[in-house]
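In what follows, residues are counted from 1 in the order of the sequence shown. One-based numbering, in listed order, for ligands and for the atoms of each.
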Amino acid sequence: MFEHLTGGRLPQSLFIGVPIAPIRSQRYVQLNSKKTIVSLVASTSDPFAATASSSTDDNFGVFKLNYDVRNEDQRLLQKLWKTTIRVAISGAAGNISNHLLFMLASGGVFGMDQPISFQLLGSQESQRKLEGVAMELEDSLYPLLREVRIGTDPYTLFKNADWVILLGAHPRTPGITRAELLDINGQIFREQGRALDAVAARDCKVLVVGNPCNTNALICMENAPRLPRRNFHALTRLDENRAKCQLALRARRFYTSLSRVTVWGNHSTTLVPDFLNARIAGEPAMDVIGDDTWFREDFTPTVANRGGAITQLNGRSSAASTAVSIADALKSLVTPTPQGDCFSSAVCTDGNPYGLAEGLIFSMPCRSKGDGQYEIVDDFLIDEWLDEKIMASEAELLKERGCVSHLIPNAPPAACEITQDTMLPGES
Ligand SMILES: NC(=O)c1ccc[n+]([C@@H]2O[C@H](COP(=O)([O-])OP(=O)(O)OC[C@H]3O[C@@H](n4cnc5c(N)ncnc54)[C@H](O)[C@@H]3O)[C@@H](O)[C@H]2O)c1
């Protein structure tokens, strides 16, 4: 609500309606060189008093300060601030996280009235980098960011998490086939699924980004039976955003006029951007653009090759636009979907309305009431061409599931029939 005034930052005076007094003011703390609190001076009459408590001991640096909301003006607070949410992020020292964390902490995803706590998981190799990330978060003085924990143990970092974004994965190094990558990363996601099952909040929502993301999400879900299966997502929003961009360019209409743009299937070369159901200013995109050959021969490969094209030009992966698409994917779950529109997410196919094999994580059109849940939109038209493409992606995911059957509890043993490298160009 204050976004237009602050550009994403809340001045304390506006935020809580009392005279300016920084929450993390040096008045209340003395930090030693290791950024550990050595003393806290708290006055019970001071509405901004910081207090130390054992629950903050495992926080990073300045976040050890306990921001005690009870000390503030209750009448204003109860209206403006929500209960802090816990967001756990793996691969938090990586490229995508470097953009995503700052979007989340600024309130740009969960809202300007939503305090947030970060639980950042890194690999052993990225431990020092993770500390650097936490220090940058400290220096950013985000009013909404109340806690930051860092570490390498998923059982500690996923504890009571409400949202979990899994970025950390083993990269595809030269010579690694997709089948090998499925196994290496599958082991990471089996472990993280088990950790979620043991310690995450019962209704926690999980978004898997680390590739191969659909099958990683499947492994994670199957190893976390305490959590609802419908709470697991794999990211295909970047592909949707790329498809929207191409449609807008071709139609010469700004992308806000687009609706019902979805991508189906696996986040791989078999991914299917759907032009049959897409709308431009409410009209079928195929009628507006009027060039079937472009749709069939240019549109789909351009979307699939977009990551590779970006990497070729700027020499690094498209981490910034991926982070934006993660923010979009999360916002779509906490904001009601506009009437007649949808968003793409790879979700569990159990009970799906399109006759897809059950027990896969498959990108489909979804809508949400903004309560963190979603429903699969069931009125998309599927013609022969689209059906064939969707079936190819389904077949690929079934094969991938076969390759990781040893990582799925109670799954019958299956052969690994993936022979081709199906990673999207430019993705590791
Ligand atoms: N689904 C999509 O649309 C999409 C788009 C872009 C990238 N990706 C994938 O997202 C992932 C992350 O991309 P990035 O550019 O941030 O990569 P990155 O290599 O910059 O960062 C990954 C980080 O994860 C860490 N890590 C590795 N294993 C870990 C583990 N077990 N636990 C915790 N951390 C671990 C690494 O040390 C590294 O710091 C990659 O797998 C990439 O292919 C997916």
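- The Cys213 neighbourhood of ligand 1 comprises atoms 1 (N), with distances under 4.0 Å to a heavy atom of that residue.
- Proximity to Asn211 (heavy-atom distance under 4.0 Å) selects the following atoms of ligand 1: 8 (N), 9 (C), 41 (O), 42 (C), 43 (O), 44 (C).
- Within the 4.0 Å heavy-atom cutoff, Pro171 does not count among the residues contacting ligand 1.
- Which parts of ligand 1 touch Thr322 is read off a 4.0 Å heavy-atom cut-off, strictly below it: atoms 5 (C), 6 (C).
- For Gln192, the closest heavy-atom approach to ligand 1 falls below 4.0 Å.
- Heavy-atom separations between Glu125 and ligand 1 are all 4.0 Å or longer.
- Contact annotation for Ile188 and ligand 1: only side-chain heavy atoms (C-beta onward) come within less than 4.0 Å of the ligand.
- Within ligand 1, counting atoms from 1 as listed, the ones closer than 4.0 Å to a heavy atom of Gly122 are 33 (C), 34 (N).
- When the options Thr236, Val208, Thr215 are evaluated for a side-chain contact (heavy atoms from CB on, under 4.5 Å) with His267, the one that passes is Thr236.
- The ligand atoms of ligand 1 that sit less than 4.0 angstrom from a heavy atom of Leu167 are 11 (C), 12 (C).
- Residue contacts with ligand 1, taken as heavy atom pairs separated by less than 4.0 Å, involve Ile96 via backbone and side-chain atoms alike.
- Between Ala319 and ligand 1 there is no heavy-atom distance shorter than 4.0 Å.
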